[in-house]
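These notes are about the structure you will find just below.
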Amino acid sequence: MREVEKWGRTVEEAVAEALADLGISRDEAEVEILEEREVARGLLGLRRDREVKVRVRERASNGEFAAEFVRQVGDLLGLPLKVVAREERGVIVVDVEGEGVGLLIGRRGQTLEALQFLVGLATSRRSGARVAVSVDVEGYRRRRGEALERLARRMAERVVRTGREVVLDPMPPRERRIVHLALQGNPRVVTTSRGEEPNRQVVIAPVN
């Protein structure tokens, strides 16, 4: 991100000059006041004025902010991460790669869910409006989604064969939705959710 530092008699004056140099509007900038000083003016230097120094930085997009947030989490954990963000259908998708990234996934993706929540919260707070964010590590969500779809179809076959319902292990809301969607076109079974978070489960039952 580009940035410049400027002195001015007021914050507004210094910021205006910096914005002109960067060629951006005030809404596209982040401003940091660095220091203030007294300056002697006039022929004999008898008049004392104050000046202020500001740093104006081009404001990052939501995607850039989300990616940087994840990088900083990696730095805190000693993980050098490669992070790329893009927007798909109104959702900021953050892809993460690197050594030891399994630490960011955790058991059954619980750590990844927590990380995604924090990134979404921070990005929304900065933006002033809710921002949908999806964080994936080494394609874990894609692989997990495909595995859940296979599990759903396999369990549906068992339900049809035995005539008895099957209750899956507890899952977060996003994963339960994958199961529901995978079986919504199957006329022989019906899916519901049962229990309370974080132990809410998907139930696959035969259609009577």
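As a basis for the values below, the full set of heavy atoms in this structure was taken, side chains included, without hydrogen atoms, waters or symmetry mates. Note that this is a predicted model, so its numbers are computed, not measured.
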- [ ] Among residues two or more places apart or on two chains, list those pairs meeting side-chain hydrogen bond (donor to acceptor under 3.5 Å, both in side chains) that have a residue in residues 117-140.
- [x] N62-R126

Open item on the list: Checking the side chain of R50 only, and the main-chain atoms of R37 only, is there a donor and an acceptor separated by less than 3.5 Å?
Closed with: no

TODO: Work out which heavy atom in A67 is nearest to a heavy atom in A85; give both atom names and the distance.
DONE: CB-CB, 4.1 Å

Task: Euclidean distance, I92 CD1 relative to R86 CZ, rounded to 0.5 Å - done: 10.5 Å

- [ ] Give the minimum heavy-atom separation between G8 and A14, together with the two atoms involved.
- [x] N-CB, 3.7 Å

Open item on the list: Measuring only between side-chain heavy atoms, which start at C-beta, is R26 closer than 4.5 Å to V15?
Closed with: yes

Open item on the list: Salt bridge or not between R71 and E68? Use side-chain N to carboxylate O under 4.0 Å.
Closed with: yes

- [ ] Would you confirm whether E13, through its side chain, and T10, through its main-chain N or O, come within 3.5 Å as a donor-acceptor pair?
- [x] no

Open item on the list: Please determine whether a side-chain nitrogen of the Lys or Arg among R59 and E28 lies less than 4.0 Å from a carboxylate oxygen of the Asp or Glu.
Closed with: no

Task: Pair listing, salt bridge (Lys or Arg N to Asp or Glu O under 4.0 Å) test, anchored in residues 180-195, at least two apart - done: E165-R194

Task: salt bridge (charged side-chain N to carboxylate O under 4.0 Å, His left out), paired with E113, selected from R108, R144, R141 - done: R141

- [ ] Using distance alone, with no hydrogens and no angle criterion, decide if Q116 and R174 have a side-chain donor and acceptor under 3.5 Å apart.
- [x] no

TODO: Determine, for E157 against R153, whether the closest basic-nitrogen to carboxylate-oxygen distance falls under 4.0 angstrom.
DONE: no

Open item on the list: Within the 4.5 Å heavy-atom criterion, are I24 and L19 side-chain neighbours or not?
Closed with: yes

Open item on the list: Any side-chain to backbone donor/acceptor pair from R176 onto M171? Under 3.5 Å, distance only.
Closed with: yes

Open item on the list: Can you give me the closest heavy-atom contact between L81 and G74, atom names plus distance?
Closed with: CD1-CA, 3.6 Å

Open item on the list: With a 4.5 Å cut-off on side-chain heavy atoms, are T111 and L103 touching?
Closed with: no

Open item on the list: Strictly distance-based, threshold 3.5 Å: is any side-chain N or O of E5 a donor or acceptor partner for the main-chain N or O of R55?
Closed with: no

TODO: Heavy atoms only: give me the nearest V207-V190 pair and the separation to one decimal.
DONE: CG2-N, 4.1 Å

Task: Within-4.5 Å side-chain heavy-atom neighbours: L104 and L77 - done: yes

